[in-house]
Chemist: 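To start, I am sharing the structure in question, which I have written as structure tokens.
Atoms within a ligand are numbered from 1 in the order they appear, just like the ligands themselves.
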Amino acid sequence: MSRLSKINLIKNTIKSYPDFPKPGVLFRDIFAVLNQPDVAAVLYEVLCEEAKSISPPVDCIAALDARGFLFGTIIAKELNIPFVPIRKKGKLPGDVQSVRYQLEYREDEVEIQTETIRPGQRVLIVDDLLATGGTLAAAVQLITKLGADAVCLIIIELTDLEE
Ligand SMILES: O=P(O)(O)OC[C@H]1O[C@H](OP(=O)(O)OP(=O)(O)O)[C@H](O)[C@@H]1O
Ligand SMILES: Nc1ncnc2[nH]cnc12
């Protein structure tokens with residue numbers, strides 16, 4: 001299967017739900033892909049190929065709570081590099097760095113354990129979806145605060161939030 005066919009298969013499997021969780025939001029459900037093992041395998045393959053092609057290579061994967069975890073752990077295993085969680089406020093023990101941000105339909109705060117990232121590392125941030133970009137921007141800020149460099153890998157980019 002060509003790369004384009006793989007991407008089209010993934011795209012056509014993602015389900016869309018109008019007006020969820022509130023009017024005006026077209027919710028894209030990545031779980032529809034994980035519900036079909038053959039399509040999930042294609043998605044994992046595309047993500048791992050993408051992550052492996054990054055040059056210079058990344059030192060670890062930082063994935064976003066919660067849907068980013070579904071893909072970040074698989075990429076980390078395939079590349080044999082550490083997995084680091086970026087979680088919603090109050091869920092990670094020990095010393096943490098925090099950043100507050102605005103989502104498409106609410107406000108939130110994300111945290112990372114300071115000991116998980118070393119200055120100078122190249123960190124691949126993984127998430128399922130980019131809407132306003134607020135979550136990703138907050139994650140990049142967290143990585144930067146710890147003195148590391150951020151590279152990003154996102155599955156779905158919403159190009160029109162009014163859709
Ligand atoms: O680009 P943005 O406007 O910031 O939105 C994108 C973020 O919103 C969703 O996560 P959510 O916070 O809903 O958490 P979940 O993964 O736990 O469902 C999604 O998984 C992204 O992380
Ligand atoms: N439109 C959307 N679909 C799925 N997850 C989202 N997170 C933020 N906006 C979203």
Side-chain angles (χ1 to χ4, degrees), residues 6-37 39-48 50-51 54 58 60-79 81-93 96-113 116-117 122-146 148-163:
K6 289 178 188 173
I7 288 169
N8 281 331
L9 174 64
I10 296 160
K11 211 170 163 179
N12 295 332
T13 307
I14 294 166
K15 282 194 184 167
S16 297
Y17 294 87
D19 300 322
F20 181 86
K22 68 169 201 184
V25 176
L26 182 64
F27 192 87
R28 312 283 185 167
D29 187 13
I30 194 76
F31 285 108
V33 173
L34 302 189
N35 190 248
Q36 294 193 34
V39 186
V42 170
L43 174 55
Y44 298 146
E45 199 182 301
V46 169
L47 288 173
C48 291
E50 203 63 43
I54 297 169
V58 291
C60 69
I61 304 293
L64 281 146
D65 187 353
R67 284 172 267 167
F69 293 173
L70 302 167
F71 309 100
T73 48
I74 284 169
I75 300 169
K77 182 182 181 300
E78 179 68 21
L79 272 63
I81 56 178
F83 173 86
V84 173
I86 296 178
R87 298 214 65 185
K88 306 275 162 62
K89 187 182 171 59
K91 304 241 175 193
L92 288 172
V96 295
Q97 277 282 2
S98 311
V99 169
R100 243 192 122 63
Y101 66 104
Q102 186 67 45
L103 269 169
E104 187 182 356
Y105 41 80
R106 61 189 160 79
E107 245 200 10
D108 224 323
E109 189 164 344
V110 280
E111 295 182 336
I112 192 168
Q113 287 163 308
T116 55
I117 304 284
R122 272 170 69 74
V123 179
L124 180 61
I125 300 171
V126 173
D127 204 1
D128 69 320
L129 184 138
L130 187 86
T132 63
T135 306
L136 187 61
V140 170
Q141 245 183 287
L142 281 179
I143 301 300
T144 309
K145 271 185 173 186
L146 296 176
D149 291 328
V151 189
C152 306
L153 179 56
I154 310 295
I155 300 167
I156 306 167
E157 181 181 353
L158 301 188
T159 48
D160 183 0
L161 293 181
E162 300 307 313
E163 234 182 317

Chemist: Measure the spacing between CD1 of I156 and OG of S16 and express it to the nearest 0.5 Å.
Modeler: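 Reported to 0.5 Å precision, the distance equals 8.0 Å.
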Chemist: Provide the number and element of each atom of ligand 2 under 4.0 Å from a heavy atom of R67.
Modeler: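 Counting atoms of ligand 2 from 1, those under 4.0 Å from R67 are 4 (C), 5 (N).
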Chemist: If you take all heavy atoms of I86 and A62, which pair is closest and at what distance?
Modeler: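 I86 and A62 have their closest heavy atoms at CD1-CB, 3.9 Å.
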Chemist: Within ligand 1, which atoms have a heavy atom of L130 less than 4.0 Å away?
Modeler: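 Result: 1 (O).
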Chemist: Would you kindly specify which portion of T135 sits under 4.0 Å from ligand 1, judged on non-hydrogen atoms: side chain, backbone, both or neither?
Modeler: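 It is both backbone and side chain that touch ligand 1.
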Chemist: Please identify which atoms of ligand 1 are closer than 4.0 Å to at least one heavy atom of D65.
Modeler: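 Result: 14 (O), 16 (O), 17 (O).
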Chemist: With a 4.5 Å limit on heavy-atom distance, are the side chains of L153 and I75 in contact?
Modeler: yes
Chemist: Give a yes or no on whether K77 atom NZ has more than 12 heavy-atom contacts from other residues, nucleotides or ligands under 6.0 Å away.
Modeler: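 No, the 6.0 Å shell around NZ holds no more than 12 heavy atoms from other groups.
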Chemist: Looking at ligand 1, would L129 count as a contact under a 4.0 Å heavy-atom criterion?
Modeler: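 L129: in contact with ligand 1 (<4.0 Å).
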Chemist: For ligand 1, find out whether one of its N or O atoms is nearer than 3.5 Å to an N or O atom of A66.
Modeler: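 Yes, at least one N or O pair falls under 3.5 Å.
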Chemist: In terms of atom number and element, which parts of ligand 2 are under 4.0 angstrom from non-hydrogen atoms of L26?
Modeler: 1 (N), 2 (C), 3 (N)
Chemist: So for L136, does at least one of its heavy atoms come nearer than 4.0 angstrom to any atom of ligand 1?
Modeler: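 Contact absent.
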Chemist: One residue to check: D128. Relative to ligand 1, which of side chain, backbone, both or neither has a non-hydrogen atom less than 4.0 Å away?
Modeler: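 Under 4.0 Å from ligand 1, D128 contributes side-chain atoms alone.
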Chemist: Record the part of D128 in heavy-atom contact with ligand 2 below 4.0 Å; permitted values are side chain, backbone, both and neither.
Modeler: neither
Chemist: Could you tell me which atoms of ligand 2, counted from 1 in the order shown, lie closer than 4.0 angstrom to a heavy atom of L129?
Modeler: 3 (N), 4 (C), 5 (N), 6 (C), 7 (N), 8 (C), 9 (N), 10 (C)
Chemist: Would you mind listing which atoms of ligand 1 come within a distance below 4.0 Å of any non-hydrogen atom of G133?
Modeler: 1 (O), 2 (P), 3 (O)
Chemist: What closest approach, in Å, do V39 and L9 show between heavy atoms, and which atom pair accounts for it?
Modeler: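 Between these two residues, the closest heavy atoms are CG1-CG, 4.0 Å.
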Chemist: Compute the shortest N/O to N/O distance between A131 and ligand 2 and return yes if it is under 3.5 Å, no if not.
Modeler: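 No, no N or O pair falls under 3.5 Å.
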Chemist: For D108, state whether at least one heavy atom is located under 4.0 Å from any atom of ligand 1.
Modeler: no
Chemist: Should you measure from each heavy atom of D127, which atoms of ligand 1 turn up under 4.0 Å away?
Modeler: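 Reading through ligand 1 atom by atom, the close ones are 20 (O), 21 (C), 22 (O).
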Chemist: Check D127 against L64 and note the closest heavy-atom contact, atom names and distance.
Modeler: OD2-CD1, 3.5 Å
Chemist: Any salt bridge between R87 and E111, counting N to O under 4.0 Å?
Modeler: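 No salt bridge links R87 with E111.
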Chemist: Measuring from atom CZ of F27 to atom CG of L158, what distance do you get when rounded to the nearest 0.5 angstrom?
Modeler: 10.0 Å
Chemist: When you measure from the side chain of D29 to the backbone N and O of K15, does any donor-acceptor pair fall under 3.5 Å?
Modeler: no
Chemist: So for ligand 1, is T132 a polar contact partner (N or O within less than 3.5 Å, distance only)?
Modeler: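 So ligand 1 has an N or O lying under 3.5 Å from an N or O of T132.
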Chemist: Check each atom of ligand 1 against the heavy atoms of K88 and keep those under 4.0 Å away; list them by number with element.
Modeler: 11 (P), 12 (O), 14 (O), 15 (P), 17 (O)
Chemist: Only one of I155, D128, L129 forms a side-chain contact (heavy atoms from CB on, under 4.5 Å) with R28, so which one is it?
Modeler: L129
Chemist: How far does SG of C48 sit from CG of L43, to the nearest 0.5 angstrom?
Modeler: 9.0 Å
